[in-house]
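Beneath this line is the structure, given in structure tokens, with notes to follow.
The structure presented is a predicted model; accordingly, all values stated were derived computationally and were not measured. To find a chain, count down the sequence lines: A is the first, B the second, and so on, and within it residues start at 1.
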Amino acid sequence: MPREIAKAYEPTQIEPRWAEFWVKQELFKADPAKPGPVFSIVIPPPNVTGSLHIGHMLDHTEIDILTRWHRMRGYNTLYLPGTDHAGISTQRVVVRQLAEQKINYRDLGREEFVRRVWQWKEESGGTIQQQMKQIGESCDWSRERFTLSPELSRVVREVFVRLYEQGYIYRENRLLNWCPVCLTVLSDLEVIHEERPGHLWLIRYPVVGTKELLTVATTRPETMLGDTAVAVHPEDERYKHLIGKKALLPLMNREIPVIGDEMVDREFGTGAVKITPAHDPNDFEVGKRHGLAEINVMTDDGHMNASAGAYKGFERFAARKKIVEDLKTQGLLEKITDHVSAIGLCERSKTVVEPRASTQWFCRMKPLAEPAIAAVEHGEILIVPENRRQEYFNWMRNIRDWTLSRQLWWGHRIPAWHCSGCKEVIVAREAPTKCTKCPSGDLQQDPDVLDTWFSSGLWPFSTLGWPEKTPDFERYYPTSLLITGYDILFFWVARMAMLGIHFTGQVPFRAVYLHSLVRTTGGEKMSKSKGTGLDPVALNEQYGTDAMRFCLASMAAPGTDIVLSDDRLLGARSFANKIWNAARFLFVNLDKYEESGAAIEALAGPAVRARAPYAYQGSVPLADRWLFARITATVEVVNDALANYRFHEAAQAVYQFFWGDFCDWYIEWVKPDLQNTDRVRADVAWKNLFAGFDAALRLLHPFMPFLTEELWHQLPQKAGAKSIALDAFPEPVAALKDAVALAEFSLIQEVIQGLRTVRSEMKLDPKKRVSAEFASADAKTRAVIEANRDGIQRLGLLTELRTLAGKLPDGGGGMRSSAEFDLRIPEVEETIDVATELARLNKEIAGLDKAVASKQKQLDNETFRSRAPQKVIREMQEALAGQKVELEKLSDRKRKLEGGTVTAS
RNA sequence: GGGCGAUUAGCUCAGCGGUUAGAGCGCUCGCCUCACACGCGAGAGGUCAAAGGUUCAAAUCCUUUAUCGCCCACCA
């Protein structure tokens with residue numbers, strides 16, 4: 001039956017079919033009962049209501065490459081998908097949607113609001129799963145998980161209660177970062193610092209009962225309304241005498257004490273600091289030390305409140321402006337200077353955060369961090385690349401307690417109940433009906449929810465059934481590997497390490513590979529909000545998912561960020577097309593061959609697994625030996641590269657092999673054999689071509705799953721074989737490492753390329769066949785050429801190739817020399833341009849001269865000869881000898897050309 | 001204020017102690033050669049940011065400098 005195959009690869013025609021096939025057939029369903037070493041990996045759960053962005057695409061490409069690679073190598077493989085409820089960001093989205101309908105979410109009430117979020121999750125959730133299926137990720141969809149599902153919520157509660165019972169979790173009043181837009185406290189990690197030009201305002205505070213004015217410096221004048229002291233350094237001669245006196249707080253006309261505190265830096269500003277315990281972390285501490293009142297002058301949403309006197313109702317920055325003006329009017333503003341300060345922004349809303357005192361839930365981290373530090377130190381968790389390990393240590397060793405509570409409605413509600421009778425706080429797995437301390441039955445559940453990262457921190461074990469000892473948990477935990485971006489090393493990876501070790505007694509993953517970020521050409525992190533993001537789904541449609549995956553992989557060098565460009569994508573698309581067309585060549589010719597009555601049996605023989613090429617008359621043709629040697633070498637490189645997360649190296653190796661070796665040389669070389677009238681000869685050629693191509697497809701499959709699946713099915717496969725994804729990855733075979741074949745074929749390549757160069761440089765008609773001479777002093781070299789004369793003549797467009805012993809006596813432009821051989825196309829020697837040829841010769845001679853001189857110099861150096869390894873010396877001597885021969889030949893020819901010995905037109 | 005990374009061909013990036021430094025794209029020249037013009041063949045193009053140092057040997061290791069970028073940090 002003739003095969004129908006389009007001229008160009010059209011991914012959109014093919015991808016949906018296989019995407020559906022993989023899911024429907026449940027090919028990637030893991031079975032803990034199956035034997036084999038385990039490779040398990042959990043997805044970094046994307047936001048449930050989100051859609052695939054370019055960062056996911058990179059994550060998922062790397063994960064899927066490694067997953068498919070392991071699966072093909074016989075591992076019991078699990079790639080577990082799922083999503084995150086993403087507290088803050090999901091709530092923000094729904095709040096915004098409601099606002100568009102002129103609804104204030106707070107008016108809806110908690111229950112109704114949460115209902116709406118679930119509703120929205122049902123509507124828009126599923127997008128990303130759909131996209132993941134579309135791009136063919138080989139995950140086990142039967143094990144999909146969601147952080148806010150009843151099952152995982154139970155785990156969250158269990159963990160929280162245990163931590164509480166173990167004394168890790170506590171409640172405390174502290175000054176924390178507050179986002180006036182998201183209306184919740186944030187952990188330190190959720191605040192991003194940005195240097196911004198601002199001002200330093202010098203404000204005069206009159207000292208009561210004196211004529212003195214105490215000038216303080218501040219970057220946030222609006223907070224002065226909440227000042228409860230002015231602090232100076234106790235040893236500061238300028239201000240010492242004022243300690244204990246009162247200052248009159250301008251605008252508020254409130255008397256506040258002047259205090260002495262070591263925290264004041266005498267060098268900075270004026271050496272006097274206003275103290276606002278309710279709005280500044282330092283001041284908060286000072287306030288505690290000195291028993292100062294905390295006056296909060298702002299509302300939740302960043303406006304001035306009743307404590308701000310006349311400024312009540314002003315938005316905080318408007319208040320700042322007004323206050324500065326008023327101070328100026330009253331003559332109390334001494335000076336304004338420019339000042340750059342690091343300002344805290346909410347990671348989500350990018351609003352300037354407001355330090356604010358409140359009572360929150362915290363988790364003690366130091367004791368949890370210690371075993372997690374040790375695990376990395378002892379190599380139980382391997383962090384790649386290495387420099388991230390140091391970052392991990394630095395952060396973990398200086399870890400601070402984690403603010404767990406958030407003033408949100410979407411998330412895991414804290415399992416704590418407050419007794420209205422005695423204020424007792426009860427933490428429990430199930431809602432208690434009455435207080436444990438007093439007879440009251442009036443218990444209110446804590447309104448706060450947990451930080452989203454709390455549930456993500458449990459992900460590797462909560463998804464596998466912990467705390468039950470399920471077969472999944474027993475078999476797949478610890479997971480083998482975690483792949484994610486380095487930007488969430490602290491948010492997520494570190495917390496998983498700590499919580500995983502604490503609760504399971506084992507590391508949650510044996511290795512962490514932190515990949516680069518995809519950036520814009522300007523070096524910025526891609527972001528949808530800035531409009532600099534790339535939509536991977538659109539790109540997949542434009543270039544093909546396989547091309548996209550290959551492109552990302554080929555650029556994913558560990559430790560460096562990726563800048564995706566159209567050029568690279570086009571290159572990858574071309575590669576896909578190249579593979580497609582190689583297949584097309586095979587199939588079209590196979591049809592012709594089969595029409596002649598031959599039949600290729602299913603690829604079940606030994607050669608198919610690339611263990612050995614088929615032989616013709618007892619011996620394997622050189623090109624076939626060479627092909628299999630190249631396959632084996634490539635497999636080795638790929639295996640080694642993937643084992644070390646060097647995706648770019650692996651991609652480059654398969655690219656070079658497929659395009660540079662298989663297409664450019666092997667296919668071209670065997671073309672005539674395929675049509676050979678000697679049926680046995682043709683048969684061997686076909687079998688080896690198929691075996692090579694089949695191995696190449698399997699090698700390529702982890703990178704380009706769709707294309708390879710499509711083509712694999714068109715090859716004559718063994719009965720019952722379902723998918724290339726379940727087929728075997730080629731193995732490196734020692735017996736195929738044929739150094740002789742590699743060297744001999746390489747000589748042939750050199751000769752053919754030499755002939756082509758001469759033809760091209762001498763502007764020979766591309767279609768014209770000419771005769772050539774090959775000369776070598778080495779009989780073996782000549783024998784190789786003679787044995788492969790047909791191929792050389794065909795690819796070198798020759799009518800005839802004569803082989804001579806020794807050197808070619810004379811030569812002009814039609815000549816090419818290496819240390820081992822001379823090559824000549826006599827016909828063009830008469831048409832050369834002496835000047836051009838001399839220029840070329842001079843250039844080559846200059847390069848060789850340099851090389852020879854540098855080697856000679858080194859070899860003449862006593863110290864080099866005594867200290868360098870023998871191998872280096874020997875190799876250099878050999879190289880030098882060869883280059884000297886070549887240099888001599890070229891110089892000789894140059895002399896002859898200059899001397900006019902060679903006649904030229 | 002600390003820490004990290006980058007600086008290599010026109011562009012985007014590999015290489016990170018041992019032959020005349022590589023790839024893709026772009027460029028030049030020649031080809032619609034019966035798988036592929038998303039192609040084929042042949043080329044040009046780099047004092048590896050700068051200056052010192054270590055070494056028999058340095059893009060590669062060390063120091064300093066410059067420029068760019070990232071992360072961490074409660075100097076008002």
Given [options], which nucleotide is nearest the side-chain atoms of [X]?
| X | options | result |
| --- | --- | --- |
| Ala557(A) | A14(B), G41(B), U19(B) | A14(B) |
| Ala582(A) | A35(B), U20(B), C71(B) | A35(B) |
| Ala342(A) | C75(B), A73(B), C31(B) | A73(B) |
| Lys855(A) | A73(B), U20(B), C71(B) | U20(B) |
| Arg568(A) | C31(B), C38(B), U12(B) | U12(B) |
| Ala217(A) | U12(B), A76(B), G24(B) | A76(B) |
| Arg816(A) | G43(B), A73(B), C71(B) | G43(B) |
| Arg573(A) | U19(B), C38(B), G15(B) | C38(B) |
| Val563(A) | U19(B), G24(B), C13(B) | C13(B) |
| Asn387(A) | G5(B), A35(B), C74(B) | G5(B) |

For A49(B), decide between syn and anti, treating a glycosidic angle within 90° of 0 as syn. anti

Could you check whether [X] gets within reach of a base, just the sugar-phosphate, or nothing at all, counting any heavy atom under 4.0 Å?
| X | result |
| --- | --- |
| Lys767(A) | sugar-phosphate |
| Arg756(A) | sugar-phosphate |
| Pro355(A) | nothing |
| Glu668(A) | base |
| Lys850(A) | nothing |
| Lys7(A) | sugar-phosphate |
| Ser554(A) | nothing |
| Lys857(A) | nothing |
| Leu848(A) | base |
| Asn581(A) | base |
| Asp664(A) | sugar-phosphate |
| Ser565(A) | nothing |
| Val264(A) | base |
| Gln858(A) | base |

Which nucleotide, if any, forms a Watson-Crick or G-U wobble pair with [N], using both distances under 3.5 Å?
| N | answer |
| --- | --- |
| G52(B) | C62(B) |
| A23(B) | U12(B) |
| G69(B) | C4(B) |
| G39(B) | C31(B) |

May I ask you to verify if any side-chain N or O of [X] is less than 4.0 angstrom from the OP1 or OP2 atom of [N]?
| X | N | result |
| --- | --- | --- |
| Arg840(A) | G43(B) | no |
| Trp659(A) | C38(B) | no |
| Lys578(A) | A37(B) | no |
| Thr757(A) | G43(B) | yes |
| Lys671(A) | A35(B) | yes |
| Ser574(A) | G39(B) | yes |
| Arg388(A) | G3(B) | no |

For [Y], is there an ion pair with [X] - N to carboxylate O distance below 4.0 angstrom?
| X | Y | value |
| --- | --- | --- |
| Glu354(A) | Arg220(A) | yes |
| Arg289(A) | Glu262(A) | no |
| Lys884(A) | Glu888(A) | no |

Is it true that the NZ or CZ of Arg174(A) lies under 6.0 Å from the centre of Trp402(A)'s six-membered ring and within 45 degrees of the ring axis? no

Is it possible for you to check whether Lys671(A) lies under 6.0 Å from the centre of the six-membered ring of Phe585(A), through NZ or CZ, and within 45° of that ring's axis? yes

Taking atom [atom2] of [N] as reference, at what distance in whole Å does atom [atom1] of [X] sit?
| X | N | atom1 | atom2 | result |
| --- | --- | --- | --- | --- |
| Arg769(A) | G41(B) | CZ | P | 16 Å |
| Leu586(A) | C34(B) | CG | P | 18 Å |
| Arg865(A) | U55(B) | CZ | P | 21 Å |
| Arg220(A) | C74(B) | CZ | P | 14 Å |

Within the structure provided, determine whether Leu552(A) and Leu564(A) are in side-chain contact (heavy-atom separation under 4.5 Å). yes

Which sits closer to the 5' end of RNA chain B, Asn861(A) or Gln753(A), going by the nucleotide each is nearest to? Gln753(A)

If you measure only the distance, is there a donor-acceptor pair under 3.5 Å linking the side chains of Thr863(A) and Asn861(A)? yes

Value rounded to 0.5 Å, distance of CG in Leu764(A) from CZ in Arg769(A): 12.0 Å

Less than 6.0 Å separating the ring centroids of Phe268(A) and His233(A)? no

